[in-house]
Visitor: 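Take this structure first; my questions come after.
Bear in mind that the values here come from a model prediction, so they are computed numbers and not experimental data. Sequence lines set the chain letters: A, B, ... in the order given, protein chains first and strands last, and positions in each chain run from 1.
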Protein chains: 2
Amino acid sequence: MVTLAEVAQHAGVSASTVSYVLSGKRSISAGTRQRVERSIQELGYHPNAGARALASSRSNIIALMVPLRTDMYVPVMMEIAIAVATTARIHGYDVLLLTGEEGPDAVRRVTGSGLADAMILMDVELDDERLPLLRQSGQPSVLIGLPADTAGLTCVDLDFTATGALCAEHLALLGHRDIAVIGEAPAVYERHTGFAERTLDGLRNRSRELGLRMLHRPCEGGYDVMAVTLARIFDERPGTTGFVVQNESAVAPLLALLRQQGRAVPEDVSVIAICPDQVATQASLRLTSVAIPAQEMGRRAVEHLVAKLDGHGTDEVVLLAPELTVRASTGPVPSAG
Amino acid sequence: MVTLAEVAQHAGVSASTVSYVLSGKRSISAGTRQRVERSIQELGYHPNAGARALASSRSNIIALMVPLRTDMYVPVMMEIAIAVATTARIHGYDVLLLTGEEGPDAVRRVTGSGLADAMILMDVELDDERLPLLRQSGQPSVLIGLPADTAGLTCVDLDFTATGALCAEHLALLGHRDIAVIGEAPAVYERHTGFAERTLDGLRNRSRELGLRMLHRPCEGGYDVMAVTLARIFDERPGTTGFVVQNESAVAPLLALLRQQGRAVPEDVSVIAICPDQVATQASLRLTSVAIPAQEMGRRAVEHLVAKLDGHGTDEVVLLAPELTVRASTGPVPSAG
DNA sequence: ATAGGTTGTCGAAGCGCTTCGACAGGGACT
DNA sequence: AGTCCCTGTCGAAGCGCTTCGACAACCTAT
């Protein structure tokens, strides 16, 4: 293993000079810089991460805590994680993968050991038990998701309240009066995941304002469960003509079932999905949808974190504005009769 | 930040004693151990990761390189990643998340800097460009996937050749003579991903042995693409009665299309999926399938790696035996007429 | 020519830990 | 009683880097 000292000797300069060439923290003459850089090349030098971390108290690592659960749409999580890793590398950071399993302990461990310089938390609950620790640790962090109390925290999320409202508006505008919301799995609501509840709030409030009747049903996804859920919905509200689906694994089943029942989309019923664009465009018909901007969320989270680490960063709640793309699954309400 | 020295002082022992309490590398009297442990508790001490890495040349970090691509079924990747992270923690390791994007450079960087003690590579191609580097670096590593040349490497993978053979056997046994294979996206074959080609080999060879006619069509997944693919298949081989699907995002569309065309499953055609159990059980009918044991692959990979890091580890290719679960999507070939 | 300010380089200290060799003390033997 | 060997503890060195203060060399303005 090649060390700084060896590079220095090879280039005929002192160790500190090599260090300054690497970090750029002091000015170095062009000639010296070139000699050092050549030596680095020739010897194949890579700075030792541990030594660097020890001396500078900076690990250049960002910890990312991903949910262990699989009751939420996994590809979104993965897309966020990859966006985080990619963006982090651009800024010179590596990413440490923590699972939600460890919970608050992981925060303590990472904070205490200096393993990571900062944290990104995904799947934040409204009243998340990791937050008090995070606040008191003073470690720079960004949440992807929105807890109830955001004081002293930086959060990045899609504006799910606005997303819900947007869906209600779109359906109302098309003349629908009775809509049903196919929500996330019950467990998601039970643990008070912010995004699910906020979407619901947005839907409810806007529906009320617009005079829509709205029925909400959590749904675990999968064909059989969806079949039962759908049957119950039409039982209770036979006049339902609009659907908003928030659980991606319920999308395909819903479409299949509607077709099977002879309900044409969008002629008889309209369907809006809240899902990544890929899901919306790969379904059996192109779905009107509000996109979940997974990549952007990951990217923004890292950029905020890096800004904080560089000193110019603020506590802030960033809510991305939802965008509804009209495709082939929504249309005017069928004329009565 | 609390240091070893402070703990030592608080407990009235020397720093090295505290270190030995922590590592267990020398025997410590019960009394001393307890005093030290109490001090650690009281002061809330966490060893500094950088200092530890520097002094011991061990970072206790495993690097995991996940594919950046999204043309393969993402949940499997995620499940593997999470199993890796979880298992690694059990053995005292953390996981560094590397994206495939960086390619061979990431191997060099991680190896050279001592950032990680070992690597796990996912999405290995038959002739992967990262392998020469990995071999020469001498860094302990495990591949999830199977390259063409496994000399000097440890690999963990599902036995996809056997998987293909198993599918052919099952269909042959039910009396099918004409089968179609819905494969992964063309890009997956183009970059010579081992598992896709091996599955195909297994299917082809066993089909030949059993007198099956087999048609293979790569397929990107999604409803529209699947529709075109399916139409071409029945065009070319109208007598097709058996399907093997390897692309998870083609499963739901295939079932929907078959139903739409009035072909009953399993009465008219049989369908086997190669996919995680969750996909097989959540589809519109319970699918006969060969499971992809994502968790087990992740777990085994880590365990092998840890064994290597502990000195008792061998280069070895671990192929997990496929298991076919018969569910409701396969049945005897329809009697002619 | 001289004071004052840059610029580029160096030496040394120190980050917090692991680990090696040393050694005091106490049993179990001769 | 003396030797030997454990067992448990300590001190010190050193891991490879960053960073601070020092300082020589040069440039500019008097």
Visitor: Check DNA chain C against residues 40-50 of chain B and give the residues with a non-hydrogen atom under 4.0 Å, in numerical order.
Guide: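 Only B:Y45, B:P47, B:N48 qualify.
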
Visitor: Could you check if a side-chain atom of B:L319 sits within less than 4.5 angstrom of a side-chain atom of B:L146, using non-hydrogen atoms only?
Guide: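 Sidechains of B:L146 and B:L319: in contact.
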
Visitor: Going by salt bridge (charged side-chain N to carboxylate O under 4.0 Å, His left out), name the residues that satisfy it together with A:D128, two or more places apart in sequence or in a different chain.
Guide: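 Partners of A:D128 by the salt bridge (charged side-chain N to carboxylate O under 4.0 Å, His left out) criterion, ordered by chain and then number, come out as A:R130.
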
Visitor: Would you check if B:D123 and B:R191 make a side-chain contact, meaning some heavy-atom pair closer than 4.5 Å?
Guide: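 Contact flag for B:D123/B:R191 side chains = yes.
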
Visitor: In whole Å, I'd like the distance from the CG atom of A:L54 to the P atom of C:dC15.
Guide: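 Checked: the CG to P distance equals 9 Å.
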
Visitor: Which of the following nucleotides, C:dT19, C:dC17, D:dG16, is nearest to the side chain of B:S19?
Guide: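 That would be C:dT19.
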
Visitor: Of all heavy-atom pairs between B:A116 and B:Q139, which one has the smallest distance, and what is that distance?
Guide: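 Taking B:A116 first and B:Q139 second, the nearest heavy atoms are O-NE2, 3.1 Å.
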
Visitor: Measuring only between side-chain heavy atoms, which start at C-beta, is B:Y93 closer than 4.5 Å to B:L305?
Guide: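 They are not in contact (no side-chain heavy atoms under 4.5 Å apart), so the answer is no.
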
Visitor: Of all the nucleotides listed (C:dT18, D:dT19, D:dC17), which has the minimum atom distance to the side chain of A:A51?
Guide: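 Side chain of A:A51 sits closest to D:dC17.
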
Visitor: Does the side chain of B:K25 get closer than 4.0 angstrom to OP1 or OP2 of C:dT18 through an N or O atom?
Guide: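 No, B:K25 has no side-chain N/O under 4.0 Å of OP1/OP2 on C:dT18.
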
Visitor: Provide, to the nearest angstrom, the distance between the CE atom belonging to B:M1 and the C1' atom belonging to C:dG16.
Guide: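 In whole Å, C:dG16 C1' and B:M1 CE are 9 Å from each other.
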
Visitor: Which atom pairs link the protein and nucleotides 7-11 of chain D when you take only N or O atoms and keep those under 3.5 Å?
Guide:
residue: D:dG8; atom: OP2; partner: B:S27; partner atom: OG; Å: 2.5
residue: D:dT9; atom: OP1; partner: B:S29; partner atom: OG; Å: 2.7
residue: D:dT9; atom: OP1; partner: B:T32; partner atom: OG1; Å: 2.1
residue: D:dT9; atom: OP2; partner: B:S29; partner atom: N; Å: 2.9
residue: D:dT9; atom: OP2; partner: B:S29; partner atom: OG; Å: 3.4
residue: D:dT9; atom: O4; partner: B:R26; partner atom: NH1; Å: 2.7
residue: D:dC10; atom: OP2; partner: B:S14; partner atom: N; Å: 2.8
residue: D:dC10; atom: OP2; partner: B:S14; partner atom: OG; Å: 3.2
residue: D:dC10; atom: OP2; partner: B:T17; partner atom: OG1; Å: 2.4
residue: D:dC10; atom: N4; partner: B:R26; partner atom: NH1; Å: 3.4
residue: D:dG11; atom: N7; partner: B:S16; partner atom: OG; Å: 3.4
residue: D:dG11; atom: O6; partner: B:S16; partner atom: OG; Å: 3.2

Visitor: So among A:L121, A:V156, A:I120, A:T150, which one has a side chain to side chain contact (heavy atoms under 4.5 Å, CB included) with A:L143?
Guide: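 It is A:L121, the one option of A:L121, A:V156, A:I120, A:T150 that forms the side chain to side chain contact (heavy atoms under 4.5 Å, CB included) with A:L143.
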
Visitor: May I have the distance from B:L115 (atom CG) to D:dG16 (atom P), rounded to whole angstrom?
Guide: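 In whole Å, D:dG16 P and B:L115 CG are 16 Å from each other.
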
